Amino acid sequence: MRKPLVAGNWKMNKTISEARQLTIDLIHELREIESVEVVLCPPFTALTAVEESISKTNIKLGAQNIYWKNSGAFTGEISPVMVAELCRYVIIGHSERRAYFGENDETVNWKMKSALEHNLIPIMCVGETLDENEAGRTDEVVSRQVKNGLVGIDPKIISGNVISLVLAYEPVWAIGTGKAATVEDADGVITNIVRRSLSNIFGDELSKRVQVLYGGSVNGDNAGEFFAVENIDGALVGGASLKAMEFAKIVQAAVS
Ligand code: PGA
């Protein structure tokens, strides 16, 4: 029912020429794949170059962040209007934004509303830190992040033909560490916390339409185990998305 989605979050990596080359390599590796939604999220400076390179493919473009205002005196920020000229998707509330750039549930919610207003599909990230995990607070933290991030959001975004919401469960301790969550743990949080929170907000039927991804040290070798789980619809990939063959292997693992 839900199409698998694999998104590559390039973070603060790749110059324009490097981004172009990686995209060309990826297109070459991915040319046969249609049953998976593939989204590339390069840094802002490379969006145009990647957009040009993927224009004749079904690969989609995403940004890694937006500001919540449309325009104005906000030095250094990029507005949803600007991003929507190029992108279909935008990552919102990544844990690195929360940890290093002061983002919190409230600003995540503003960004969510602003993205949706401009027809961007937000990939909203949630996940507990190691301390929270060890203190047994995963349920409380993740359900709070889902609930607060989606406050005031119209269920219409998931009731029509186009479903404009993706969630990514990314335990902070698994990001960039090479230590992915176990499939059982990821499935447990996604099924019992993320999906249950979505049901509380949108109801059982509508929430079943939302794609929920796992993120945190996904690679070509472990991706298939996550994708075999019914409630995990794909992955948000950091490090492994910077290598064409590795990323293609992940996408291939999502082909059902
Ligand atoms: P990682 O990053 O795949 O390098 O762990 C995932 C993410 O930050 O989205």
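When a ligand or atom number is given, it counts from 1 through the structure's own listing order. As the structure is a prediction and not an experimental result, all values here were calculated from the model. In what follows, residues are counted from 1 in the order of the sequence shown.
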Q. Side chains of Ser143 and Ser197: do they bring a donor and an acceptor to under 3.5 Å?
A. no
Q | Nearest-0.5 Å distance, CZ of residue Arg195 to CD1 of residue Ile232 | A | 9.5 Å
Q) Under 4.0 Å between a Lys/Arg side-chain N and an Asp/Glu carboxylate O for Asp25 and Lys243? A) no
**Q.** Residues, nucleotides or ligands: over 12 heavy atoms within 6.0 Å of Lys179 NZ
**A.** no
Q. Which protein residues have a heavy atom closer than 4.0 Å to any atom of ligand 1, listed by chain and number?
A. Asn9, Lys11, His94, Glu170, Ala174, Ile175, Gly176, Gly216, Ser217, Leu236, Val237, Gly238, Gly239
Q: Measure up the Tyr67 and Phe74 rings against each other and bin them: parallel (under 30°), tilted (30 to 60°), perpendicular (over 60°).
A: tilted
Q.
Does this structure show an ion pair linking Asp154 with Lys113, if we count only N-O contacts that are shorter than 4.0 Å?
A. no
